[in-house]
Amino acid sequence: MKTKIKNNVYWVGKVDWELQKFHGNEYSTHRGSTYNSYLIQEEKTVLIDTVWTPFSKEFVQNLQKEIDLNKIDYIIVNHAEVDHSGALPELMSLIPNTPIYCTANGVKSLTGHYHKDWNFKTVKTGDTLDIGNGKQLVFVEMRMLHWPDSMATYLTEDNILFSNDAFGQHYATEHLYNDLVDQDELFQECIKYYANILTPFSSLVDRKIQEVLALGVPIDMIATSHGVIWRDNPTQIVEKYIAWSRDYKEDQITILYDTMWDSTKRMAEAIAQGIKKADKNVTVKLYNISKTDKNDMITEVFKSKAILVGSPTIGKGITSGTAGLLEEIEGLSFKGKKAAAFGSYGWSGESPAKLTDWLKRAGFEIMDEGLKALWNPTDEKIEECIAFGQTIAAVANK
Ligand code: FEO
């Protein structure tokens, strides 16, 4: 059922309460998600984005209950990823000649996915589309935020920015608006989304936001493609994005460790003790890599000024869980953060050096060459771990 969001603009999306993993198995969605699609019924009828493929039949059937599909004049595809374009094949099979407005890269992504020669109309930043009753759609390319094809669409008079993924969250809710949901949950999902998806593109986020702000247009609502619509102080999420895009860090040190027989775990706890001894104010968080959701750990890395990564030596290297996490951390290109490594061993002890190399490669400033403990740490070694933590606390503050 369509739900009015302002004047002749309606939400026609899907709330996916069951979603637990997104992007295959790459992103945990503890609170589900939504795929937001919007219908504008002015003199012209416009559909902005659709929903993910599994919901395409349901989406089209629901839309048919609201309007004659042949009355849709324009389809806007802000982003071709299948969670937003997935219902297009179903829809276009019924209205094959309806024009699809998207960027030039959008045409490439859509044809790459669906291999259909639909009626594409390419747009670029500043292009407009008249939809009658004195209203226009204005397109703004958002290249690499987060795909080459991404764009936002601004509706004049109603002052709504349809931002697609930007400013969104994987957050299932029957409340459509930001002011109606639990604020802690909302901002946790926002920062997780930014940390795990947008971090590599941070320099573009800042530049693009400044470009949009320079247009000087009023923004009463930011209608994202996931989660809530920002209607109460919508610029609050824009301000958050600006802060997050500028090498964001809080006064936090995160210790990520894997352990086989608890030796590396004992090291991690002693290091944490040392950090707290040296700095009463810093937030120290410890996570067992094998027992913690990786996207939640990435979010904590994003918030940290420094991280410590620990793994026992297994074979000639580190645990597979640690390697998987570091692969993800490297791919996200964190900037302005410090790191060091540690780990227990029985004979060869390659782990700390290997971890240090990886952290260096991932762009972290290395605070120390790393700490090793032979077998189960002795009391003396535990004292050394505490001292290591004290050193780390001091270096992390420089
Ligand atoms: Fe929500 Fe990039 O798709």
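Scope of the values below: all heavy atoms of this structure, side chains included, with no hydrogens, waters or symmetry mates. Fair warning: this is a prediction, and the values are worked out from it, not measured in the lab. For ligands, and for the atoms within them, numbers begin at 1 and follow the listed sequence. Position 1 is the first residue of the sequence; numbering continues from there.
Distances from atom 1 (Fe) of ligand 1 to the N/O/S atoms of Asp83 are shortest for OD2.
Here Glu81 contributes OE1 and His79 contributes NE2, and at atom 2 (Fe) of ligand 1 these two atoms make an angle of 90°, given to 10°. Geometry about atom 1 (Fe) of ligand 1 gives an angle of 80° between NE2 of His84 and OD1 of Asp165, rounded in steps of 10 degrees.
Looking at Ser37, its side chain does come within 3.5 Å of a backbone N or O of Asp49 through a donor-acceptor pair.
The cationic atom of Lys372 (NZ for Lys, CZ for Arg) lies less than 6.0 Å from the six-membered ring centre of Tyr345 and within 45° of the ring axis.
Between Phe22 and His170, the two ring planes are tilted [angle within 30° to 60°].
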Start with the C-alpha distance between Trp244 and Phe167, add both sets of side-chain angles, then the distance that settles ring pair (Phe, Tyr, Trp, His ring centres under 6.0 Å), and finish with yes or no. CA-CA 12 Å; Trp244 292 339; Phe167 312 120; 9.7 Å; no
